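This one's a predicted model, so the numbers in the text were calculated from it and none came from an experiment. Residue numbers begin at 1 in each chain, while the letters A, B, ... track the order of the sequences.
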Amino acid sequence: MPEAYYQDGGVNQEKRFSVAMQRYRDSGAGDKMNPFAEQEAWEEHQIGKATLKYGSKDRKQNSDDFQFVFEDQIDFIKASVMDGVNFEDEVPAESLDKSMEKSAFEKLQEDRKTLPIYAYRDELLQAVDNHQIGCTQPRRVAAMSVAARVSQEMGVKLGHEVGYSIRFEDCTSEKTLLKYMTDGMLLREFLGEPDLAGYSVVMVDEAHERTLSTDILFGLDIARFRPDLKLLISSATLDAEKFSDYFDSAPIFKIPGRRFPVEVHYTKAPEADYLDAAIVTALQIHVTQPPGDGDILIFFTGQEEIETAEEILKHRTRGLGTKIPELIICPIYANLPTELQAKIFEPTPEGARKVVLATNIAETSLTIDGIKYVIDPGFCKMKSYNPRTGMESLLVTPISKASANQRAGRSGRTGPGKCFRLYTAYNYYSDLDDNTVPEIQRTNLANVVLTLKSLGIHDLLNFDFMDPPPAEALLKALELLFALGALNKLGELTKVGRRMAEFPLDPMLSKMIAASEKYQCSDEIISIAAMLSVGSSIFYRPKDKQVHADTARMNFHTGNVGDHVALLKIYSSWKETNYSTQWCYENYIQVRSMKRARDIRDQLEGLLERVEIELMSNSNDLEPIKKAITAGFFPHSARMQKNGSYRTVKHPQTVYIHPTSGLAQVLPRWVIYHELVLTTKEYMRQLDQRKCLAVQDARLRIELSGAEGRFRDAHCSWIKENVSRCRTNDSRIASEPFLEEELVSVKR
DNA sequence: GAGCACTGC
């Protein structure tokens, strides 16, 4: 390859890296980054180029073999081997052979004894008395499958001694001693029973993932009411000391894991276009390595990249005809319909090779057998939250070292693997953070704060978070909850707030439900809330059928009813077809999302009863429905400007109606929106006309903007000091015309 | 006239 190609490519790639970093920083999430990092990176990279030129001797030979096939190739440098953990030593081959003749149960028992943790068995078991053990997992599937495996090993029926508990599904009984559950489920149980009386041991698995729920549970010090409660934290990271310190120097057991060694290769120079580089690398592997020795997994950031990569790959392999063995392309991302997802689990036919194009879903959530090669461009999409503007956005961001290693490890599950990183060793060591920023530091905390308040935690600023979120984010959350009427001026939970905390939803959605009591339309409102909380994945929009999908969607907008009512219409229409799958296909709607909406709706219906809100329907009149929506979403108000754009009220900025909205042509003077998304512009999504509210709702906001409406948290001096700053923002929540209209009616 | 990573309750 001519050097010039790399140099040029290098510049572009650095640009790409720095653009991603810049956006990340602008979002407010990356403040801690060194502003000179890029320049240093560039300099170091130049030095690196000089020193990293030795190395891949075998590459030359390989490249000669297929020079005729490709014009472009990519130089990789084998930099390191991630050790496998003596897999073969622990399970001698002969014992595996022998076990083949034994019964499945005996084999399981034998396998079990070879696990490294077996040595700690007695010690851990001493902790167990006559209560049950709870073990949390970050994902539902994991909780279910681990429970199934353990019940098999113990030779008991799932749901008896060993069970699991996840949202919508409780597979436990009175007999259950060992309960696998999602961490969110344990948090919900904790809300109802803070002493966790039913448990003697709680084990938090995969704690390094640092989910919102585990971070809250840790901060709550779940064992504080229970000196006898044993807490086990299991984490795959090397910074066990951090966990140990946090839990008052708790003892650390280092238990080796099991994995085959993985060779890590870096590019010699940064790549101009990682998508193209990934495809070239995949083809290089496919052509030079014997078919049948293993499949390829490439990590992309999203659906769009995956679809593009799929097209390019098809095009290029078609051009090569029979010169190369068959390459089966398998896209996988969460929004892909389930039937199409199944393809990646089909065994690869003899003589062919599979290339899996995946999002982060393949990093932790699902494992694919037979992967030997991983190609890692080093990016992912990550949600970040800017507490200054209150904006959430999804940004393409460089991954962390931990994430890069997790990805590499995906190639070493069934045998020794290789990972090709499409960035330099320098990029890895200097540009990537060690760990992914925990979710609690990059999310809107409204729901977290409501949860903590409902547990009677008032001093949020001094709450013992393992990694505290920005104080500004806490303040924003408090403000919002106050504006919604969930907190009083002393920062205490109100009756509405207590009701809201019962719902596993964003507080604005919970408030909308609480308000539906007054407007007598709780039936419709919980359908809307369920549809909104399923999110944007309701519509399936494949690249080749976008027009059809869009036409189908617009059918629900007839009459300019607004997007919330359109969602209600979708849900009701589906219900009328008796939840027909066929109906979903015809309307380009994801069956999975609709089923999820139904599950959520059922749960909400149950919770309505719990907070004593009657299920009432008022489907003939949209007015009360829209009022209830406004009662929850008034903090997301925007007013039309002369040119058809909108100005948000709370943090004044110019935003636009998303073109997929039913109101895109209508342009109401005032709107409320469900969310803002930053893509090519700032777009409002799921929006509706704003309605006037009843007088008592308005009064709350008048107080809020007035001098007596100062927001205080009796236990938190920091908040007090910042009251003046809150106030300016608060007055904008309760902005003029919204109140004007109501004040007029009050004066009359 | 657009384009949404992944979880969880």
Side-chain angles (χ1 to χ4, degrees), chain A residues 136-143 165-170 181-192 206 209-217 299-308 332-336 358-366 379-384 392-397 399 403 406 436 438-439 442-443 447-448 450-451 501-506 509-510 530 533-543 546-547 549-550 553-554 590 593 596 599-600 603-604 606-607 644 656-661 664-665 675-686:
Chain A
T136 74
Q137 295 289 329
R139 282 166 291 278
R140 296 160 53 88
V141 201
S165 173
I166 56 181
R167 189 184 186 183
F168 312 132
E169 210 180 325
D170 184 4
M181 66 215 293
T182 45
D183 45 26
M185 203 69 201
L186 183 65
L187 181 58
R188 275 284 143 187
E189 285 191 10
F190 188 87
L191 293 185
E206 313 275 1
E209 291 198 23
R210 303 293 305 277
T211 66
L212 261 188
S213 303
T214 52
D215 270 17
I216 296 169
L217 283 166
F299 285 97
F300 287 112
T301 64
Q303 177 178 350
E304 196 185 357
E305 266 182 26
I306 288 174
E307 284 175 346
T308 311
I332 178 96
Y333 44 90
N335 262 351
L336 192 72
T359 59
N360 252 7
I361 195 171
E363 194 177 298
T364 48
S365 304
L366 55 89
F379 292 94
C380 69
K381 276 187 188 166
M382 192 153 62
K383 198 167 78 177
S384 70
E392 279 183 317
S393 49
L394 204 56
L395 296 175
V396 174
T397 310
I399 59 173
S403 184
Q406 176 74 23
T436 308
E439 193 185 357
R442 51 185 173 85
T443 193
N447 204 14
V448 172
L450 183 62
T451 304
E502 291 288 329
F503 293 92
L505 298 170
D506 178 278
L509 287 169
S510 308
S533 61
V534 166
S536 50
S537 53
I538 285 169
F539 297 96
Y540 179 54
R541 199 166 177 274
K543 219 175 181 178
Q546 292 181 350
V547 182
D550 292 345
R553 177 196 299 225
M554 286 319 281
Q590 300 258 25
S593 302
R596 192 174 153 74
D599 286 339
I600 296 174
Q603 190 189 24
L604 296 179
L607 290 169
Y656 300 85
I657 298 188
H658 198 277
T660 55
S661 165
Q665 319 303 329
E675 59 183 354
L676 286 180
V677 289
L678 171 65
T679 51
T680 51
K681 285 180 187 171
E682 292 283 0
Y683 284 111
M684 297 179 282
R685 283 211 335 220
Q686 313 290 18

What is the nucleic acid contact for A/K681, judged by heavy atoms within less than 4.0 Å: base, sugar-phosphate only, or nothing?
-> nothing

Per A/T359 side chain, nearest of listed nucleotides B/dA2, B/dA5, B/dC9 = B/dA5

Considering only heavy side-chain atoms of A/L394, the closest of B/dC9, B/dC6, B/dC4 is B/dC4

Nucleotide nearest A/Y333 when distance is taken to its side chain, options B/dA2, B/dC6, B/dG8 | B/dC6

Once you round it to whole Å, what is the distance between P of B/dA2 and NE2 of A/H658?
-> 8 Å

Can you tell me if the side-chain N/O atoms of A/R167 get under 4.0 Å from OP1 or OP2 in B/dT7?
-> no

At under 4.0 Å between heavy atoms, what does A/I600 touch on the DNA or RNA strands: base, sugar-phosphate, or nothing?
-> nothing

Residue met sooner reading DNA chain B from 5', once A/T680 and A/A334 are mapped to nucleotides = A/T680

Separation of B/dT7 atom C1' from A/M185 atom CE, nearest Å, is 16 Å

Take the protein atom CE of A/M181 and the nucleotide atom P of B/dG8, then report the distance between them rounded to whole Å.
-> 14 Å

Among B/dC9, B/dC4, B/dC6, the one nearest A/T182 by side-chain distance | B/dC9

Inter-residue atom distance A/I399.CD1 - A/T301.OG1, 0.5 Å rounding | 12.0 Å

Base, sugar-phosphate, or nothing: which does A/D550 touch, judged by heavy atoms less than 4.0 Å apart?
-> base

Side chain of A/P504: nearest nucleotide among B/dC9, B/dG1, B/dC6?
-> B/dC9

Candidates B/dA5, B/dC6, B/dC9 - which lies nearest the side chain of A/Q303 = B/dA5

Might you point out which heavy atoms bring A/A664 and A/H658 nearest each other, and give the distance in Å?
-> CB-O, 3.9 Å

Which part of the nucleic acid, if any, lies within reach of A/T364 when heavy atoms closer than 4.0 Å are counted: base, sugar-phosphate only, or nothing?
-> nothing

Send over the distance from A/F300 CZ to B/dC6 P, rounded to a whole Å.
-> 15 Å

Distance, rounded to the nearest Å, where A/L509 contributes CG and B/dC9 contributes C1' = 13 Å

Name all residues meeting the salt bridge (charged side-chain N to carboxylate O under 4.0 Å, His left out) criterion together with A/K383; count only those two or more places apart in sequence or in a different chain, and write none if there are none.
-> A/E392

Give a yes/no answer on whether the side chain of A/T211 brings an N or O atom under 4.0 Å of OP1 or OP2 in B/dT7.
-> no

Which nucleotide in the set B/dC9, B/dA2, B/dC6 lies at the smallest distance from any side-chain heavy atom of A/R188?
-> B/dC9

Looking only at side-chain atoms of A/R685, point me to the closest of B/dC4, B/dG8, B/dC6.
-> B/dC4

Partners meeting salt bridge (charged side-chain N to carboxylate O under 4.0 Å, His left out) with A/E363 (sequence neighbours left out) | A/R407

Nearest-Å distance, CD (A/E439) to C1' (B/dC6)?
-> 9 Å

Nearest-0.5 Å distance, CZ of residue A/F190 to OG1 of residue A/T451 | 12.0 Å

